[in-house]
Amino acid sequence: MSASSQQQGPVVRWIDQRLPIFSFLQHELHEYPTPKNLNYWWNFGSLAGIVLVIMIATGIFLAMNYTPHVDHAFDSVERIMRDVNYGWLIRYVHMNGASMFFLVVYIHIFRGLYYGSYKPPRELLWWLGLIILLLMMATAFMGYVLPWGQMSFWGATVITNLFSAIPWVGEPIVTWLWGGFAVDNPTLQRFFSLHYLLPFVIVAVVMLHLVALHTAKSNNPLGIDPKSDKDTIPFHPYYTIKDSFGLGVLLIVYMALVFYAPNALGEAENYVPANPLQTPEEIVPEWYLLPFYAILRSVPDKLGGVVLMFASIFILFVLPWLDTSKVRSARFRPIYRQVFWIFVLACIVLGWAGAQKPEGAALMIGRLATAYYFFHLLILMPILGKFEKTRPLPESISQPVLKN
Ligand code: HEM
């Protein structure tokens with residue numbers, strides 16, 4: 001019998017002896033030895049988990065009042081906004097939750113890039129994260145189609161049409177995806193079905209992500225492994241309280257959006273019902289997909305653009321091997337810590353370029369940022385790792401603190 005179940009009451013002990021869920025939780029959430037130097041950038045994993053739960057909870061209530069049919073979808077969403085009790089609130093929390101989810105996860109990824117959290121032994125943890133990212137993109141894309149506004153319809157048409165660039169089988173694939181010869185009712189129904197399903201697949205992959213995390217253990221801002229018990233503290237109460245503070249800050253930003261600017265991040269055009277006979281002047285995806293949209297449009301050839309866009313994500317899967325540096329954290333890599341910020345800037349510029357018309361200066365700037373994105377990952381990372389003169393690493397996590 002574990003120490004934890006001995007401390008519990010008889011009911012918990014009875015259950016725990018037969019199914020050790022309490023010992024498991026005690027071990028993984030309470031005692032989990034966590035490096036004692038984690039900064040606030042380590043809050044974003046748990047924040048992502050909380051936003052995921054909020055998305056599923058609000059989504060289930062929305063689905064109770066939503067009708068996945070081309071003749072009723074738009075009106076059913078308007079009914080949610082006007083007639084369903086607190087429907088407007090549930091919808092705005094869900095809609096803006098998608099933006100918060102991507103914001104939190106993007107920060108989570110850039111944290112990993114800065115502190116080298118993708119490097120051994122955390123490669124599979126990183127891969128599972130990337131799978132989550134791909135699933136999130138698919139889910140968000142299909143969710144955006146459901147209100148069946150102009151942007152829903154035309155966004156779905158443009159993005160699914162990308163598959164037609166594949167030689168030979170492209171056209172049949174698009175027809176198969178649509179379930180017909182245009183984006184129509186079968187498309188809407190399958191997107192609804194998958195939009196409901198995929199978040200639960202994300203939950204399953206998040207579980208694996210956490211198993212991988214608890215196997216490899218958390219990295220930390222110094223990027224060195226804990227040497228003794230002195231370098232770690234129990235997760236609870238130290239990080240549960242720190243995560244709660246982070247949650248408070250997140251909720252302030254999130255609720256400010258929901259209550260004061262619920263449509264700031266959306267497109268007005270999507271409040272116009274879908275009309276297959278009228279193409280909007282501009283078709284733009286949501287902000288969190290814009291960098292990838294910019295990469296897609298930076299190539300004049302359709303197939304080339306599609307390949308480059310998918311490559312921009314798949315390349316991240318080989319990052320643990322592209323980065324040849326022995327040192328994890330950018331704190332000890334004087335050059336990497338500067339080019340890292342150029343990379344962040346390139347991603348922001350890509351986001352900006354994705355929202356512009358693909359012509360003139362905006363197109364050129366988008367192309368330059370695309371070039372830097374690939375140059376950074378494919379050329380700079382391997383070369384820097386070999387030639388950069390890194391700063392000496394401290395002997396342990398405690399040493400820099402105790403020395404002062
Ligand atoms: C639903 C989305 C996600 C959830 C709920 C989630 C959850 C978490 C949690 C709770 C942690 C531990 C706390 C922390 O280090 O912040 C973590 C760590 C980590 N996550 Fe995620 N994650 C998600 C997406 C991603 C993505 C998209 C990536 C990368 C592409 C990623 C890569 C990592 C890495 C490398 C670590 C280890 C960090 C370290 O110890 O330094 N995660 N994740």
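Computation of the quantities below employed the complete heavy-atom set of this structure, encompassing side-chain atoms and omitting hydrogens, waters and symmetry-equivalent molecules. Model, not experiment: these values are computed from the prediction. In each ligand, atom 1 is the first atom listed, and ligand 1 is the first ligand listed. Along the sequence shown, residues are numbered consecutively beginning with 1.
In this structure, the ring of H195 has its center no less than 6.0 angstrom from the ring center of F191. Taking the six-membered ring for Trp, W42 and Y115 have ring centres closer than 6.0 Å. Aromatic pair Y32/H27: centroids not less than 6.0 angstrom apart.
Relative orientation of the F192 and Y66 rings is tilted, given thresholds of 30° and 60° on the angle between their planes.
With a 4.0 Å heavy-atom cut-off, ligand 1 is reached by the backbone of L130 and by its side chain too. Within the 4.0 Å heavy-atom criterion, the part of L210 lying near ligand 1 is the side chain and not the backbone. Contacts between V105 and ligand 1 below 4.0 angstrom, taking non-hydrogen atoms only, involve the side chain exclusively.
Of all protein heavy atoms, the one closest to atom 11 (C) of ligand 1 is L213 CD2, 3.9 Å. Ranking the protein heavy atoms by distance from atom 13 (C) of ligand 1 puts W42 O, 3.9 Å first. With hydrogens left out, the protein atom closest to atom 27 (C) of ligand 1 is G129 O, 2.9 Å, a heavy atom. For atom 41 (O) of ligand 1, the closest non-hydrogen atom of the protein is S117 OG, 2.6 Å. Looking at atom 2 (C) of ligand 1, its nearest protein heavy atom turns out to be I132 CG2, 3.5 Å.
Seen from atom 21 (Fe) of ligand 1, atom NE2 of H209 and atom NE2 of H108 lie 170° apart in angle, a value rounded to 10°.
Considering L135, N219, D243 only, the shortest heavy-atom separation from atom 40 (O) of ligand 1 involves N219.
Below 3.5 Å of separation, one finds no N or O of W126 facing any N or O of ligand 1.
Geometrically, R18 engages W14 in a cation-pi contact, judged by NZ or CZ lying under 6.0 Å from the ring centre and within 45° of the ring axis.
Legend: side-chain hydrogen bond (donor to acceptor under 3.5 Å, both in side chains) pairs involving residues 229-239, not counting sequence neighbours, sorted by first then second residue: D231-S398, H236-T240.
Applying the salt bridge (Lys or Arg N to Asp or Glu O under 4.0 Å) rule to E28 yields no partners; only residues at least two apart in sequence or on another chain are considered.
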